[in-house]
Amino acid sequence: MYIMQWNITIGNYRLAMLESVEIVRSVEQLSDTAIIVLPATFFNKTLNIEQQIKPGDAVKIQLGYDNYIRTEFEGYLERIATNDGSLSLHCEDALYIFRYPLQNREFINPSLDQLLNYLLPGGFQLANDYDFRYDRYVVRNQTAWQMLKQLQEETRANIYIKGKTLHVHPPYSELFGEAVYSFQHNIEKSELEFRNADDRKVQVVVEGKSHDGKVLRATAGQSGGDVVQIKIEGVSHMPSLQKLADEQLKVKSYTGYSGSFTAWLLPFCDAGFAVSLYDNDYQHKSGTYYATEVITRMSKEGASRTIILGRKL
């Protein structure tokens with residue numbers, strides 16, 4: 001039987017009590033987050049933790065079993081909230097640093113690389129292999145976080161932080177490790193659905209509107225099923241529009257599982273991992289998938305990971 005272990009520091013303060021912790025790591029959400037819940041009192045004494053920590057303090061969360069723990073989250077304390085007698089510490093990864101104002105500026109025919117380098121704070125590196133071009137892009141009263149969020153929503157690129165590197169890639173193009181799961185051995189709960197590509201008829205329509213009002217349209221997939229529509233202002237570069245349509249079709253249409261499953265802390269799994277699923281009863285359904293999001297939880301009830309799958313690799 002495994003014994004749960006944890007070590008959480010905020011600034012120079014090491015937590016001595018923990019009610020629960022939940023970590024969300026994703027390649028589709030702009031930032032990884034963590035919520036640490038503490039009891040408001042311990043042995044009828046108020047913790048007064050607000051006197052020990054403050055927003056902006058560095059946060060490090062380590063979880064594991066027995067004498068083996070590993071770092072699951074590093075970031076910053078965003079805010080402290082009180083709820084039903086408990087204290088909730090809301091944390092955000094290094095995207096917290098991106099919440100600073102940018103100078104207003106207009107870009108003519110910029111590449112995505114140019115825009116990303118404009119908002120990148122000092123001390124960070126950029127890893128971008130997503131080729132996308134705007135006709136015109138205007139920065140007006142935005143923070144770097146807001147500009148990055150807009151770029152993510154419009155291009156549908158996977159944008160996330162790993163260490164001190166801002167990653168920007170086409171969906172599912174970067175792998176950071178692998179994990180193996182079996183329905184018979186280490187999957188506690190499954191909410192997966194297996195579907196054939198023929199049952200996932202999808203057509204992706206991407207519309208780009210140039211600065212003079214001209215609308216260009218790129219499509220991918222087949223009609224007769226679901227339609228995914230994406231509209232972008234200030235883009236008339238057809239290769240960019242078509243690439244976006246093609247990439248989104250890969251995300252939406254494939255033969256295999258979709259949904260999520262829950263396992264324990266071992267094996268370690270992170271967003272951006274290749275997840276291999278094996279089923280001794282239905283071996284034809286075995287395959288490898290891209291983990292788009294991993295939710296890690298620990299409380300007195302136990303520890304678990306919920307892995308949300310993207311398309312089949």
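Keep in mind the model is a prediction, meaning the values are calculated, not measured.
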Donor-acceptor pair, Y130 side chain versus T155 backbone, under 3.5 Å?
yes
Pair W145-E92, side-chain contact (heavy atoms from CB on, under 4.5 Å): steps then yes or no:
CA-CA 12 Å; W145 192 97; E92 187 177 40; 3.5 Å; yes
Begin from the C-alpha positions of Q62 and Q5 and carry the test side-chain hydrogen bond (donor to acceptor under 3.5 Å, both in side chains) through to its verdict.
CA-CA 8 Å; Q62 296 176 304; Q5 300 283 339; over 6 Å; no
When every non-hydrogen atom of N186 is compared with those of P267, the smallest separation belongs to ND2-CD, 3.8 Å
Counting C-beta onward and ignoring hydrogens, is there a side-chain heavy-atom pair between L89 and I35 closer than 4.5 Å?
no
So, taking the atom named CZ in F107 and the one named CG in L115, what distance separates them when rounded to the nearest 0.5 Å?
5.5 Å
Quick one, Y137 with E233, criterion side-chain contact (heavy atoms from CB on, under 4.5 Å). Give me CA distance, side-chain angles, the key distance, then yes/no.
CA-CA 9 Å; Y137 191 95; E233 296 283 344; over 6 Å; no
Is it true that F194 and L192 fall in one hydrophobic cluster, defined by side-chain heavy atoms closer than 4.5 Å?
yes
Donor-acceptor under 3.5 Å (Q114 side chain, S111 main chain)
yes
Please state whether the rings of H167 and Y160 are parallel, tilted or perpendicular, taking 30° and 60° as the class boundaries.
parallel
Report the C-alpha separation of S276 and T288 in whole Å, then their side-chain angles, then the decisive distance to 0.1 Å, and conclude whether the side-chain hydrogen bond (donor to acceptor under 3.5 Å, both in side chains) test is met.
CA-CA 4 Å; S276 295; T288 301; 3.0 Å; yes
Any side-chain heavy-atom pair from N7 and R14 closer than 4.5 angstrom?
yes
How many angstroms lie between CD1 in I308 and CD1 in I295, if you round to the nearest 0.5 Å?
4.5 Å
To the nearest 0.5 Å, tell me how far T165 OG1 sits from L126 CG.
9.0 Å
Least distance between heavy atoms, G163 atom then A94 atom
O-CB, 4.4 Å
Would you sort out whether D279 and Q184 count as a side-chain hydrogen bond (donor to acceptor under 3.5 Å, both in side chains), showing the intermediate values?
CA-CA 7 Å; D279 191 333; Q184 283 73 37; 3.1 Å; yes
Can you check salt bridge (Lys or Arg N to Asp or Glu O under 4.0 Å) on R25 and E293, steps first, answer last?
CA-CA 6 Å; R25 296 173 65 88; E293 183 170 302; over 6 Å; no
dist S299:OG -> E19:CD (nearest 0.5 Å) comes out at 8.5 Å
With the side chain counted from C-beta on, respond yes when N128 and N117 share a heavy-atom pair under 4.5 Å apart, and no when they do not.
no
Please lay out, stage by stage, how Q52 and N12 fare under the test side-chain hydrogen bond (donor to acceptor under 3.5 Å, both in side chains).
CA-CA 8 Å; Q52 308 292 331; N12 296 320; over 6 Å; no
Distance-only, no hydrogens or angles: does the D57 side chain make a donor-acceptor pair with backbone N or O of I53 under 3.5 Å?
no
Linking I/L/V/M/F/W/Y whenever any side-chain heavy atoms sit under 4.5 Å apart, do L249 and V227 land together?
no
Less than 4.5 Å apart, any side-chain heavy atom of N158 and any of V168?
no
How far apart are the C-alpha atoms of D131 and L112, what are their side-chain angles, what is the distance that settles it, and do they pass the side-chain contact (heavy atoms from CB on, under 4.5 Å) test?
CA-CA 7 Å; D131 185 20; L112 184 58; over 6 Å; no
Should the pair F183 and Y257 be assigned to parallel (<30°), tilted (30 to 60°) or perpendicular (>60°) ring geometry?
tilted
Stepwise salt bridge (Lys or Arg N to Asp or Glu O under 4.0 Å) check, D246 with K243:
CA-CA 5 Å; D246 293 340; K243 181 176 183 178; over 6 Å; no
Could you check whether K162 makes a cation-pi contact with F176, meaning its NZ or CZ is under 6.0 Å from the centre of the six-membered ring and within 45° of the ring axis?
yes
Note: A263 and Y181 closest approach over all heavy atoms is CB-CE2, 3.5 Å
Side-chain contact test, heavy atoms from C-beta onward, threshold under 4.5 Å: evaluate it for V24 versus D32 and give yes or no.
no
With side-chain contact (heavy atoms from CB on, under 4.5 Å) as the criterion, how do E153 and L151 come out once you've worked through the C-alpha distance, each side chain's angles and the decisive distance to 0.1 Å?
CA-CA 6 Å; E153 291 174 348; L151 292 173; over 6 Å; no
If Ile, Leu, Val, Met, Phe, Trp and Tyr residues are connected whenever their side-chain heavy atoms lie under 4.5 Å apart, and connections chain through other members, are Y278 and L309 in the same group?
no
Carefully, step by step, assess K149 and E154 under the rule salt bridge (Lys or Arg N to Asp or Glu O under 4.0 Å).
CA-CA 9 Å; K149 181 67 173 175; E154 293 180 343; over 6 Å; no
Beyond-backbone contact of V228 with V205, side-chain heavy atoms, under 4.5 angstrom
no
Kindly say whether Y68 contributes a backbone atom to a donor-acceptor pair with the side chain of D66 at under 3.5 angstrom?
no
In the structure I gave you, are the side-chain heavy atoms of V294 and F273 within less than 4.5 Å of one another anywhere?
no
Angle class for the Y100/F98 ring planes (parallel below 30°, perpendicular above 60°, tilted otherwise)?
tilted
Can you find a pair of side-chain heavy atoms, one from I36 and one from I61, that are under 4.5 Å apart?
yes
Are M238 and V235 in one and the same hydrophobic cluster, where Ile, Leu, Val, Met, Phe, Trp and Tyr link if side-chain heavy atoms are under 4.5 Å apart?
yes
Does the distance from a Lys or Arg side-chain N to an Asp or Glu carboxylate O, for K209 and D135, drop under 4.0 Å?
no
So, Q146 versus N141: side-chain donor-acceptor pair below 3.5 Å or not?
no
K189/E191 salt bridge by N-O under 4.0 Å criterion:
yes
